[in-house]
Each structure stands twice: as structure tokens, then as C-alpha cells.
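Working notes for the structure below.
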Amino acid sequence: MSSVSSVSSAEGRTRHEVARLLLEQGPMTAAVVAEQLGISPTAVRRHLDALVADGEAETRDAPRRGPRGRGRPARLFLLTETGRARFGHAYDDLAVSAVRFLAEHAGPDAVRAFAESRVDRLVGPHRAAIAGSPDPASRAEALATALTREGYAASTREVGSTGTAAAVGAQLCQHHCPVAHVAAEFPQLCEAETEAFARLLGTHVQRLATIARGDNACTTHVPAGSAGIPAHPEPDRTTAPAAAPPPREHPARIPNGGKPA
């Protein structure tokens, strides 16, 4: 087992070095990558093909020099935006700096207005599909589908009371948050999002956990059959939810296979 792990780790490091070379010096041919890294062309082609298959690299024909010869032109490999994401971005720092500047120069009300405008743009295009569902639980499923399309990897699961088959509600789980780094400093983003969810679902909701506060997922409780109660935007760390049996996970229904719309 350990030898398999060692091989896998070595493969991962080599692939990362191939990707780094494309980042720093690409586009380039497989032969040039092999020469630069001092490994066999066969090994390099295997790593390049894997990067292409994962959407991290793409190819284009190298420009011809001199008379046109026989055979296909050499292929140049270059990283895609997905491949560049391996090496991180400064987007988070830029976003935090921008919102911090807004808070310092326009005040907390401006940050709140920005947060509300952002979540309205996020869910606005999906409002009709969500509102068309007949009850809070099915609207939560529709909201999970919408959030997944926007990059939040969301799902829902039913929760019930111990000793009864009656459902007491659903939990909306967002397994990824593109703005978690910003929301850690500016919780207005989470608050505006939670209140927007309550309006869309037609019931009060309660945030049980957020990625911005160090949890594994943003979890929002959606009770069954309650309406007209204000949202609880902040996770309540003092009151634990009722004990529940292992929930059934319902992945969001995504017609296009989960790709962002």
C-alpha cells in the first residue's frame, strides 16, 4: 500500500512540475517539456494527456517555419484557466480589499447594500423556477439546483424527529462558497444570503453552519410548513438542533450535468 502511495505522490509532483513549466514558459511542445524537466518524452506525454483530459491544459498547432512538410504540425500545450487555478489567484485578497475600501469610505450600510445586490444577482435568474415549486422542501431542492449552477455545489437532505417518520424539514447544504474568504471578514454577505433564501422559500430559515466560520459546509435549516417567521442569519452555536436519524441526501437535480449555466 505504501509503495502505491509513493508512486502516486511522485506522479502528482511530476504532473505539477509539468503544469508549472507550462504556466511559466508555455505554450510549448512535449519534446521541449521533456528536455526542460529531464524526463522521458513518453512520461511527459502521459502527464500532458492527463492534464488535457482533466481540462487543465489544451493544445494548438505550432506555427510552421519554412516549407510545409509532410505529417501533422507539432502540438503546443498551454494551460487553461482551470489549470492556472492549481497555482492560486490573488482574487480573494483583491475582493477583501475592495469591500474593506467600501466599508471605510461609504460605511456599513454600503456594504450591506452591496451584499443584498450581490445575492439578488445570484438567485434572481432562478427566482421563477424556485417559486414555482409547491412547498418549502421542494423549493429548497430547486434552490440547491440553482446554487450548484452558480458554483456552490449545493444539495438538500430531509431531517426528522427521533421516533417519528414525520419530516420536520430539510437542510440546504452548500459544500463550496466562492466568497468564503470575504465573508469571514464581512458576515453581511452571509446575512443577506440567508434572508434572501427565506424570502425565496416562503418560510423562516436558520443558518446552522458556514464555511466562512470554519465549518465544512454552509448548512441552512428549512422547517416544514412554517411561514412568516424572520430568517435567522447567523449560526446559533448555543442551541443544537433536534437529534435526527441519518439523513437521506438528495443531490440537486442538474439537467446539464452540473456545469455552470
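Keep in mind that what you see is a predicted model, and the values were worked out from it rather than measured. We use all heavy atoms of the structure for the numbers below, so side chains are in, but hydrogens, waters and symmetry mates are not.
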Any chance you could measure [X], atom [atom1], to [Y], atom [atom2], to the nearest 0.5 Å?
{"X": "L48", "Y": "L22", "atom1": "CG", "atom2": "CG", "value": "6.0 Å"}
{"X": "R207", "Y": "C190", "atom1": "CZ", "atom2": "SG", "value": "5.5 Å"}
{"X": "I211", "Y": "H181", "atom1": "CD1", "atom2": "NE2", "value": "14.0 Å"}
{"X": "L147", "Y": "L122", "atom1": "CG", "atom2": "CG", "value": "6.0 Å"}
{"X": "L23", "Y": "E56", "atom1": "CG", "atom2": "CD", "value": "11.5 Å"}
{"X": "T210", "Y": "E191", "atom1": "OG1", "atom2": "CD", "value": "10.5 Å"}

Side chain to side chain, [X] and [Y], heavy atoms closer than 4.5 Å:
{"X": "F87", "Y": "H16", "value": "yes"}
{"X": "F77", "Y": "V33", "value": "no"}
{"X": "E193", "Y": "T220", "value": "no"}

Of all the heavy-atom pairs spanning [X] and [Y], show the shortest one and how long it is.
{"X": "C218", "Y": "C177", "answer": "SG-CB, 4.5 Å"}
{"X": "A180", "Y": "A212", "answer": "O-CB, 3.8 Å"}
{"X": "R121", "Y": "S117", "answer": "NH1-OG, 2.7 Å"}
{"X": "T156", "Y": "A140", "answer": "CG2-O, 3.4 Å"}
{"X": "G169", "Y": "H221", "answer": "CA-CE1, 4.4 Å"}
{"X": "D92", "Y": "P178", "answer": "OD1-O, 4.2 Å"}

Run the side chain to side chain contact (heavy atoms under 4.5 Å, CB included) test against A95 and tell me which residues pass, sequence neighbours left out.
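Side chain to side chain contact (heavy atoms under 4.5 Å, CB included) list for A95, sorted by chain: V182.
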
For [X] and [Y], does a side-chain donor sit closer than 3.5 Å to a side-chain acceptor?
{"X": "E24", "Y": "Q36", "answer": "no"}
{"X": "T145", "Y": "R149", "answer": "no"}
{"X": "Q188", "Y": "R112", "answer": "no"}

Say whether, by atom type as modelled, one donor and one acceptor occur between the side chain of T80 and the main chain of G55 under 3.5 angstrom.
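Side chain of T80 to backbone of G55: a pair is present.
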
R60 side-chain N/O to L76 backbone N/O, donor-acceptor pair under 3.5 Å
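No.
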
Do R127 and D120 sit within salt-bridge range, that is, some charged N less than 4.0 Å from a carboxylate O?
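Result for this pair is yes, salt bridge flagged.
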
Would one find more than 12 heavy atoms of other residues, nucleotides or ligands at under 6.0 Å from atom CD of E35?
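No - once you tally the heavy atoms of other residues, nucleotides and ligands closer than 6.0 Å, there are 12 at most.
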
What residue pairs, at least two apart or across chains, pass ring-ring contact (aromatic ring centres under 6.0 Å, His included) with a residue in residues 103-122?
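Only F101-H105 qualify under ring-ring contact (aromatic ring centres under 6.0 Å, His included).
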
Same cluster for L189 and L200 if Ile/Leu/Val/Met/Phe/Trp/Tyr side chains link at under 4.5 Å?
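Result: yes, single cluster for both.
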
Steps toward side chain to side chain contact (heavy atoms under 4.5 Å, CB included) verdict (R118, V179):
CA-CA 11 Å; R118 177 193 164 275; V179 297; 3.6 Å; yes

